[in-house]
Amino acid sequence: MKLNPAQDEAVRYIAGPCLVLAGAGSGKTRVITNKIAYLVRQCDYSARHIAAVTFTNKAAREMKERVAQTLGKREARGLMVSTFHTLGLEIIRREHKTLGLKAGFSLFDDQDQLALIKELTENELQGDKEKISRLLSTISNWKNDLVLPPRAARLATDPETVLFARCYERYQRHMKAYNALDFDDLILMPTLLLKTNAEARAYWQNKIRYLLVDEYQDTNTSQYELVKLIAGERARFTVVGDDDQSIYSWRGARPQNLVLLKEDYPSLKVIKLQQNYRSRGRILQCANILIANNPHVFEKQLFSEMEYEAPVRVLFAKSEEHEAERVVAEIMGHKFMNASRFGDYAILYRGNHQSRLLEKALMTNRIPYKISGGTSFFSRTEIKDIMAYLRLLVNPDDDNAFLRVVNTPRREIGPTTLEKLGTYANQRGKSLFAASFELGLEQTLTGRGLVAVRAFSDWLVRLGDEAARGNAVEAVRDMIKDIHYEEWLYESSPSPRAAEMRMQNVSTLFKWVSQMLEGSELEEAMTLPQVVTRLTLRDMMERGEDEDDGEQVQLMTLHASKGLEFPFVFMVGMEEGLLPHQSSIDEDNIEEERRLAYVGITRAQQALTFTLCRERRQYGETVRPEPSRFLLELPQQDLDWEHNRKPQSEGERMQKGQAGVASLRAMLNRKT
DNA sequence: GTCCATGGTCTTTTT
DNA sequence: GACCATGGAC
């Protein structure tokens with residue numbers, strides 16, 4: 001297929017900074033992949049000097065594949081396609097000494113983070129969940145705004161923020177002692193480094209000579225800063241974005257970065273892609289009408305030349321179970337009639353928990369499916385255990401990991417022993433591992449406890465050596481054998497069947513680890529520290545192989561669906577409280593929910609079906625939800641309400657919605 | 001030190 | 001209704 005004039009312009013414009021405003025389905029991935037090919041083939045760029053950055057692993061994966069298709073595997077070799085966080089991780093890995101980190105640093109996921117914060121604030125916050133989560137998000141915001149503890153302390157005015165700043169300082173200090181980073185650090189540290197260190201900046205500017213950023217509207221302050229620093233004076237970059245698809249403001253994304261770009265780079269070339277090639281007319285019409293309720297920074301008019309075709313359907317279900325069964329029945333019937341493949345269907349939902357019943361219904365009907373994202377695999381105990389062991393192998397100072405597995409399987413190291421070890425370590429600012437070797441420890445800890453702890457630490461040293469010296473795959477294998485993990489699983493699981501499944505998961509993890517350690521033709525071999533951090537970033541889910549033959553129904557959250565497209569889409573749970581989510585209603589944050597709905601609608605190519613329940617269980621209670629206001633905002637002539645059950649109660653809600661939009665529009669106008 | 005029962009909490013979204 | 005943290009019994 002040929003590129004249209006706007007797309008072609010976006011591909012060929014390489015003289016300076018370039019912003020592509022790409023509506024949904026306007027072929028932005030095509031533009032990015034073609035541009036990479038153009039840079040390599042026509043402009044003498046080597047693929048290893050080009051980096052493309054996206055936000056989700058799924059999007060990165062997809063783009064990698066598309067580029068490999070366009071360019072061929074050989075020419076695409078060395079091309080960096082990753083998420084922002086993985087890019088940050090790579091920068092940190094190379095510069096870790098300058099940053100004062102030991103090789104093999106740990107990456108804390110949010111659960112590790114939470115555990116640490118809880119412990120550090122025991123005195124002040126006493127486990128107050130609300131406060132703790134406010135503290136976490138405050139720290140995250142500081143980091144996203146490139147604010148370090150000293151400045152946070154200076155900026156703080158009210159008592160709570162003063163307290164939070166103190167906690168932030170303490171948190172950072174402990175992270176350093178553990179030789180650990182959190183997700184936000186993966187952006188913060190590279191940014192600060194490139195800002196202050198000319199040598200590192202020169203290296204990375206030379207390494208990345210052309211930068212492409214997808215989903216630019218999702219960048220936060222530090223990410224945008226990082227883009228500017230990598231692009232440097234030459235400003236050879238292309239960013240692609242769409243303010244209507246900004247759905248990550250809750251994690252600091254600032255769609256205003258689209259506007260800032262024009263201010264920071266007056267020579268910025270702005271190209272709009274407005275022709276939609278994805279969705280049939282009615283679907284696009286629905287999307288356009290819905291999003292027209294939001295204020296806009298850039299005016300954009302999406303049009304399509306595709307046929308108008310069948311209306312968008314709205315199906316009712318008695319209950320959640322019924323909803324899942326109906327969707328599955330619809331898919332089976334439709335597939336039979338259309339000779340399509342299961343992989344052509346996607347079921348999209350607001351929250352991960354909604355996948356449960358859908359999975360169940362799919363399973364009972366023996367329909368293959370694939371769940372993207374979600375944390376299920378990595379939140380399993382057995383996986384967390386093994387991950388903790390791997391982290392310890394690479395970084396024995398990682399106290400979180402140490403505590404998790406020091407007595408799993410049982411090693412007769414109980415709370416009393418750990419308490420003593422902990423106090424001793426704390427007084428000296430050492431990690432538990434480091435403290436366990438000290439002679440002074442013998443003052444407080446004696447007998448069996450001491451012996452057991454030292455035996456554990458010694459074992460760690462031995463294994464860590466083995467892993468570092470040579471055969472990491474063997475070391476990991478030995479580790480799992482040494483700890484008799486399989487036996488432990490049979491001991492600790494409710495049934496042999498469960499133990500078997502858990503062991504299966506451990507094997508899967510081990511398989512991934514060995515694959516990553518050994519590399520493949522598409523992926524370079526990694527070191528064990530790399531593997532462990534990458535695994536924490538969930539950077540390797542769905543790496544090929546698990547026979548993706550297009551015969552699996554796709555299940556994912558609306559967030560995870562961004563950037564993807566499917567012939568037939570089901571959006572389930574179209575109810576007030578779910579979409580828009582209750583918390584967004586409470587916080588008057590409807591616009592982002594509307595964009596979320598917009599993202600979902602615009603995933604569909606040929607057919608779109610909404611479903612909602614008359615009754616839904618919530619905390620064990622049965623509630624009767626209202627249909628989502630978004631259904632009422634859609635052009636009703638394009639909608640087919642099942643049994644003509646279109647609800648009547650529009651007036652009041654519409655009025656409220658309009659008022660909200662108007663005030664925000666006024667706000668935006670003031671800003672621009 | 002380990003195991004099981006009870007009760008309280010919870011469901012946004014991702015790296 | 002499911003999951004986890006806590007506490008009491010052994």
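Heavy-atom basis, side chains included; hydrogens, waters and symmetry copies ignored. The chains referred to below are lettered A, B, ... by the order of the sequence lines, with proteins before strands, and numbering in each begins at 1. What you see is a predicted model, and the numbers here were worked out from it, not measured in a lab.
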For a quick check of understanding: with a heavy-atom distance under 4.0 Å over all strands, which category does [X] fall into, base, sugar-phosphate or nothing?
X        : answer
A/Arg251 : base
A/Thr56  : sugar-phosphate
A/Phe55  : sugar-phosphate
A/Asp109 : nothing

Does [X] put a side-chain nitrogen or oxygen below 4.0 Å from OP1 or OP2 of [N]?
X        : N      : answer
A/Arg356 : C/dC3  : yes
A/Asn589 : B/dT13 : no
A/Thr83  : B/dT14 : no
A/Asn352 : B/dT13 : yes

Using the side-chain heavy atoms of [X], tell me which of these nucleotides is nearest: [options].
X        : options                : result
A/His85  : B/dT15, B/dT14, B/dT11 : B/dT15
A/Trp250 : B/dT14, B/dT15, B/dC10 : B/dT14
A/Arg617 : B/dT12, B/dT13, C/dG1  : C/dG1
A/His581 : C/dG1, B/dT12, C/dA2   : B/dT12
A/Arg350 : C/dG1, B/dT14, B/dT13  : B/dT13

Rounded to the nearest Å, what distance is computed from the [atom1] atom of residue [X] to the [atom2] atom of nucleotide [N]?
X        : N      : atom1 : atom2 : answer
A/Asp182 : B/dT15 : CG    : C1'   : 11 Å
A/Gln618 : B/dT9  : CD    : P     : 17 Å
A/Met387 : B/dT15 : CE    : P     : 15 Å
A/Ile139 : B/dT15 : CD1   : C1'   : 17 Å
A/Asp184 : B/dT14 : CG    : C1'   : 11 Å
A/Asp110 : B/dT13 : CG    : P     : 11 Å
A/Met189 : B/dT15 : CE    : C1'   : 17 Å
A/Leu558 : B/dT11 : CG    : C1'   : 15 Å

**OP:** For residues A/Asn144 and A/Ser140, determine if any side-chain heavy atom of one lies less than 4.5 Å from a side-chain heavy atom of the other.
**Re:**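 A/Asn144 reaches A/Ser140 side chain to side chain.
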**OP:** With the side chain counted from C-beta on, respond yes when A/Tyr248 and A/Gln217 share a heavy-atom pair under 4.5 Å apart, and no when they do not.
**Re:**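 Side chain of A/Tyr248 against side chain of A/Gln217, heavy atoms only: no contact under 4.5 Å found.
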Original post:
Distance-only, no hydrogens or angles: does the A/Tyr178 side chain make a donor-acceptor pair with backbone N or O of A/Asn400 under 3.5 Å?
Top reply: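 It does not hold such a pair.
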**OP:** Please work out whether the ring planes of A/Trp512 and A/Phe378 are parallel, tilted or perpendicular, with thresholds of 30° and 60°.
**Re:**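 Geometry flag for A/Phe378 against A/Trp512: parallel rings.
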Original post:
When the ring centroid of A/Phe55 is compared with that of A/Phe84, is the distance short of 6.0 Å?
Top reply: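 Ring-ring flag for A/Phe55/A/Phe84: true, centres closer than 6.0 Å.
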**OP:** Using side chain to side chain donor-acceptor pair (under 3.5 Å) as the criterion, point out the one residue from A/Asp399, A/Asp385, A/Asp112 that pairs with A/Arg404.
**Re:**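 Of all the options given, the one that passes is A/Asp385.
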Original post:
Nearest nucleotide by nearest heavy atom, which residue falls closer to the 5' end of DNA chain B, A/Ser583 or A/Thr417?
Top reply: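 Here A/Thr417 is the residue nearer the 5' end.
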Subject >> Gap in Å between the two P atoms, one belonging to C/dT6 and one to B/dT11, rounded >> reply: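 It comes out at 16 Å once rounded to the nearest Å.
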**OP:** Rounded to whole angstrom, note down the P distance from B/dT13 over to C/dC4.
**Re:**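 Approximately 15 Å lies between the P atom of B/dT13 and that of C/dC4.
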